[in-house]
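Contents: one structure, followed by commentary.
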Amino acid sequence: MADSHLTDIKRPVVFQPPDLTDAEYQTIANFVHKTSGINLLDGKKELVRARLTKRIAQLEMKNFKTYFQYVMTDSSGDELVFLLDALATNLTSFWREPQHFIFMAKTFLPELEMSRKRGKTGGPRLRIWSAACSSGEEPYTIAMVVFENSHYFSAGGDFRMLATDLSTKVLNVAKKGQYGPESAKNIPPAVLAKYLTKNQAEKGGYIYTISPEIRRLISFRRFNLMDPMPYKGPMDLIFCRNVMIYFDRDTIAKLVDKFYKLLEPGGYLFIGHSESLSGLQHKFTYVAPCIYRKLQR
Ligand SMILES: C[S@@+](CC[C@H](N)C(=O)[O-])C[C@H]1O[C@@H](n2cnc3c(N)ncnc32)[C@H](O)[C@@H]1O
């Protein structure tokens with residue numbers, strides 16, 4: 001006979017990972033595609049299951065259906081942000097795909113300084129957008145490259161940057177401007193010494209902080225590339241690297257057209273090295289691998 005007092009003992013609730021049916025996966029993938037342009041349809045079921053299971057466990061929900069209903073009915077929109085954060089791939093690094101920065105230093109900046117275009121400060125005006133900036137390594141690299149290659153801008157010339165991403169999680173890292181040694185090792189040592197300070201980290205080891213003179217150039221904002229452009233520009237350079245790879249051709253074509261409209265005539269668009277505009281209808285002129293130029297209005 002079982003001891004009744006033993007059967008009464010409350011056992012800890014063990015979380016049972018829910019099953020993700022094909023139909024649920026399809027619903028989530030379609031929704032994510034519609035809201036962010038991210039295409040999850042090609043074999044990403046395991047990724048979706050793994051990343052959202054953690055969230056479902058945190059919320060103590062039983063299955064994907066309940067979670068998805070929660071996302072759809074959350075009027076604050078916070079859970080949608082959370083869902084997209086969980087599914088976006090944020091991989092980035094300082095000086096990633098360095099040929100773009102070499103092009104900036106050797107071609108773009110000398111060209112700009114020679115141009116007759118004049119801003120408020122009497123010299124040229126420079127506006128750059130890092131669209132899909134992830135945790136900030138890309139916009140900080142761009143700003144350091146400008147300072148290293150232009151006395152005019154490093155001495156206070158009219159230079160501002162916009163850096164946007166869909167994910168609030170990575171934007172918070174970007175705004176802090178603090179990076180560990182693993183990440184900082186991609187910065188050329190002389191540049192590192194000039195624009196970052198090294199401090200003891202709370203948890204041991206070191207942390208590098210981007211200098212205030214670089215940080216104050218950049219406005220970090222949450223922006224979904226699928227949304228209508230709130231920015232008027234005109235921009236001189238747009239970096240949109242390693243994000244269009246997740247979008248389908250139609251989405252890319254529309255986005256590239258928005259970039260075209262926002263660029264100054266003569267401005268450049270930089271895309272990631274595994275991305276291409278070939279086969280798309282667009283008005284840009286090809287300059288070099290992954291570099292395109294707007295020649296006229
Ligand atoms: C792989 S990272 C690329 C970061 C950086 N551009 C680079 O090349 O190193 C892709 C970034 O795109 C962002 N992203 C994905 N979909 C987006 C969308 N619809 N609008 C804005 N950002 C998006 C992700 O949050 C992620 O931070």
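Numbering of ligands and ligand atoms starts at 1, following listing order.
- Closest to atom 9 (O) of ligand 1, if we only count protein heavy atoms, is Thr92 OG1, 2.5 Å.
- Looking at Ala132 next to ligand 1, an N or O pair under 3.5 Å apart turns up.
- The shortest separation from a heavy atom of Phe239 to ligand 1 is not under 4.0 Å, leaving the residue out of contact.
- At under 3.5 Å, not a single nitrogen or oxygen of Thr89, backbone or side chain, sits near a nitrogen or oxygen of ligand 1.
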With side chain to side chain donor-acceptor pair (under 3.5 Å) as the test, would you mind laying out the steps for His100 and Arg241 before giving the verdict?
CA-CA 11 Å; His100 287 153; Arg241 308 188 308 164; 2.9 Å; yes
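- Proximity to Phe223 (heavy-atom distance under 4.0 Å) selects the following atoms of ligand 1: 20 (N), 21 (C).
- Not one N or O of Ala88 is nearer than 3.5 Å to an N or O of ligand 1, by distance alone.
- Looking only at heavy atoms of the protein, atom 12 (O) of ligand 1 is closest to Val243 CG2, 3.3 Å.
- Scanning the protein heavy atoms around atom 22 (N) of ligand 1, the nearest turns out to be Leu166 N, 3.2 Å.
- If you look at Arg241 next to ligand 1, the close heavy atoms, those under 4.0 Å, come from the backbone and the side chain alike.
- Residues Ile38 and Leu87 have side chains not in contact (no heavy-atom distance under 4.5 Å, counting atoms from C-beta outward).
- Formation of a donor-acceptor pair under 3.5 Å by the Glu275 side chain with backbone atoms of Asn242 is found in this model.
- In terms of polar-atom proximity, defined here as any N/O pair under 3.5 Å, Asn242 does make such a contact with ligand 1.
- Of all protein heavy atoms, the one lying nearest to atom 7 (C) of ligand 1 is Arg96 NH1, 3.3 Å.
- Here the heavy atom of the protein found nearest to atom 19 (N) of ligand 1 is Ser36 O, 2.7 Å.
- No close placement of the Phe101 and Tyr140 rings is indicated, their centers lying 6.0 Å or farther apart.
- Within ligand 1, the atoms closer than 4.0 Å to a non-hydrogen atom of Ile38 are 15 (C), 16 (N), numbered from 1 in the order shown.
- For ligand 1, the atoms closer than 4.0 angstrom to any heavy atom of Ser167 are 25 (O).
- Counting heavy atoms from C-beta outward, Gln26 and Thr21 have side chains that stay 4.5 Å or more apart.
- Every atom of ligand 1 with a heavy atom of Glu138 under 4.0 Å away is listed here by number and element: 5 (C), 6 (N), 7 (C), 8 (O).
- The option from Asn224, Val170, Ile245 that lies nearest to atom 18 (C) of ligand 1, judged by heavy atoms, is Asn224.
- Between Tyr179 and Tyr208, a ring centre-to-centre spacing not shorter than 6.0 Å is recorded.
- Ranking protein heavy atoms by distance to atom 25 (O) of ligand 1, first place goes to Asp165 OD1, 2.6 Å.
- Looking only at distances, a side-chain donor or acceptor of Thr141 sits under 3.5 Å from a matching main-chain atom of Trp95.
- In this structure, Trp129 has its ring center closer than 6.0 angstrom to the ring center of Tyr231.
- Centroid-to-centroid, the aromatic rings of Tyr268 and Phe103 come within less than 6.0 Å.
- Considering CG of Leu196 and CE of Met144, their distance stands at 5.5 Å, rounded to 0.5 Å.
- Between Leu225 and ligand 1, at least one N/O pair is under 3.5 Å apart.
- Every atom of ligand 1 is numbered from 1 in the order shown, and the set under 4.0 Å from a heavy atom of Ser134 is 4 (C), 27 (O).
- A cation-pi arrangement is found for Arg55 relative to Phe82, the charged atom lying closer than 6.0 Å to the ring centre and inside a 45° cone about the ring normal.
- Tyr292 has its ring centre no less than 6.0 Å from the ring centre of Tyr260.
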